[in-house]
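First, the structure itself, so that you have it in front of you.
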Amino acid sequence: ASQLAIEAAPTVADAAAPAAPAEAPAVAACFPPSLIDPDVQAALPDGYVIRPLEAADFDKGYLQLLAELTEVGSIERDAFNARFAYFQQHNDTYCPLVIEDTNVGKVVGAGTVVIEHKFLHELGKVGHIEDIVVDANQRGKKLGLRVIAALVFISKQLGSYKTILNCSEGNIGFYEKCGFTKKEVEMVMYH
Ligand code: ACO
């Protein structure tokens with residue numbers, strides 16, 4: 001896989017995403033909905049909504065959608081909710097979003113940006129885009145492009161000076177259409 005990166009001007013760090021109180025997962029959204037780019041929402045087809053992941057997405061096909069990307073395995077509702085709560089409590093770091101087709105109440109696109117907090121670059125931050133997938137029946141409608149645009153917006157809002165990702169050779173063209181350029185190589189060690 002290759003690594004792609006896009007430079008993003010730093011913005012006001014931490015302003016938009018206060019950590020959720022650990023005891024209060026009553027809030028539906030995994031991270032503040034104010035981090036969703038209104039221009040990306042406006043560009044979606046009628047009935048399609050881009051928003052933070054919600055716990056209720058367990059029943060809207062979120063894990064089944066992720067399974068179109070790679071193995072998900074068996075995840076019960078309690079385990080899903082526990083991981084959701086972890087993300088919510090660390091929402092200056094984990095921002096998983098979805099596109100829902102509200103005409104059918106199904107999640108049809110998903111992606112996550114993970115904000116890495118560094119010492120380098122004067123306590124700089126780097127956004128890592130992960131787990132991008134669009135339902136096979138919905139590809140070619142620019143939903144993938146919208147997911148990436150929304151994640152880059154979040155990365156910038158949370159103060160990242162760049163956003164990077166790893167992908168297969170076959171997806172380089174897609175990420176170039178999203179504004180990324182090829183840089184360096186990915187290495188891996190499985191455990
Ligand atoms: N190679 C070259 N160009 C592509 C590719 C590709 N593999 N896929 C899409 N494009 C182009 C489209 O033709 C379109 O071009 P245009 O603007 O000139 O019309 C543009 O990229 C935007 O395409 P979208 O319609 O937004 O793409 P789509 O919604 O179909 O989603 C995605 C693309 C996410 C790669 C989808 O095919 C998918 O889910 N694939 C399976 C899972 C996967 O591989 N995910 C990426 C893993 S890498 C990661 O997670 C960091």
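By convention here, the first residue in the shown sequence is residue 1. Counting starts at 1 for both ligands and their atoms, following the listed order. Keep in mind it's a predicted model, so treat the numbers as computed, not measured. All heavy atoms count here, side chains included; hydrogens, waters and symmetry mates do not.
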(message) For the 3.5 Å polar cut-off, considering only N or O atoms, please tell me whether E130 and ligand 1 meet it.
(response) no

(message) Just to confirm my output: which protein heavy-atom neighbour is closest to atom 6 (C) of ligand 1, and how far is it?
(response)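 Of every protein heavy atom, G170 O, 3.6 Å lies nearest to atom 6 (C) of ligand 1.
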
(request) Report the part of F180 in contact with ligand 1, treating N, CA, C, O as backbone and CB onward as side chain, heavy atoms under 4.0 Å; options are side chain, backbone, both, neither. (result)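 No part of F180 comes within reach of ligand 1.
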
(request) Could you tell me whether K106 and D135 make a salt bridge, using a distance below 4.0 angstrom between a side-chain N and a carboxylate O? (result) no

(message) Does any N or O of ligand 1 fall below 3.5 Å from an N or O anywhere on V133, backbone included?
(response)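 No, there is no polar N/O contact under 3.5 Å.
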
(request) Distance to 0.1 Å, residue and atom name: give those for the protein heavy atom nearest to atom 33 (C) of ligand 1. (result) F174 CE1, 3.7 Å

(message) Among all the protein's non-hydrogen atoms, which is closest to atom 29 (O) of ligand 1, and how far away is it?
(response) G144 N, 2.8 Å

(request) State the atoms of ligand 1, each with its element, that fall below the 4.0 Å cut-off from a heavy-atom position in I129. (result) 51 (C)

(request) Would you tell me which option among A136, G140, C167 has the nearest heavy-atom contact to atom 30 (O) of ligand 1? (result) G140

(message) Are any of the N/O atoms on L145, whether in the backbone or the side chain, positioned under 3.5 angstrom from an N/O atom of ligand 1?
(response) yes

(message) Students should be able to answer this: which protein heavy-atom is nearest to atom 50 (O) of ligand 1, and at what distance?
(response) I132 N, 2.9 Å

(message) Is it true that Y175 and K182 share a donor-acceptor pair across their side chains at a distance under 3.5 Å?
(response)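 No, Y175 and K182 have no side-chain donor paired with an acceptor closer than 3.5 Å.
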
(request) Could you tell me the separation between the OH atom of Y161 and the OG atom of S155, rounded to the nearest 0.5 Å? (result) 11.0 Å

(request) Specify the protein heavy atom at minimum distance from atom 12 (C) of ligand 1: its residue, its atom name, and the distance to 0.1 Å. (result)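 Checked against all protein heavy atoms, atom 12 (C) of ligand 1 sits closest to K177 NZ, 4.8 Å.
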
(message) Measuring from atom 42 (C) of ligand 1, which candidate in D131, L69, L66, N171 has the nearest non-hydrogen atom?
(response) L69

(request) Mind checking whether I172 contacts ligand 1 via backbone (N, CA, C, O), side chain (CB onward), both or neither, at a 4.0 Å heavy-atom cut-off? (result) neither

(message) Could you check whether atom 25 (O) of ligand 1 has a protein contact, counting only heavy atoms that fall below 4.0 angstrom?
(response)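 Within 4.0 Å: yes, protein heavy atom nearby.
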
(message) Using a 4.0 Å heavy-atom cut-off, which part of E68 comes near ligand 1: side chain, backbone, both, or neither?
(response)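 Contact part for E68 vs ligand 1: neither.
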
(request) Considering only non-hydrogen protein atoms, determine which one is nearest to atom 17 (O) of ligand 1 and report residue, atom name and distance to 0.1 Å. (result) K142 NZ, 2.7 Å

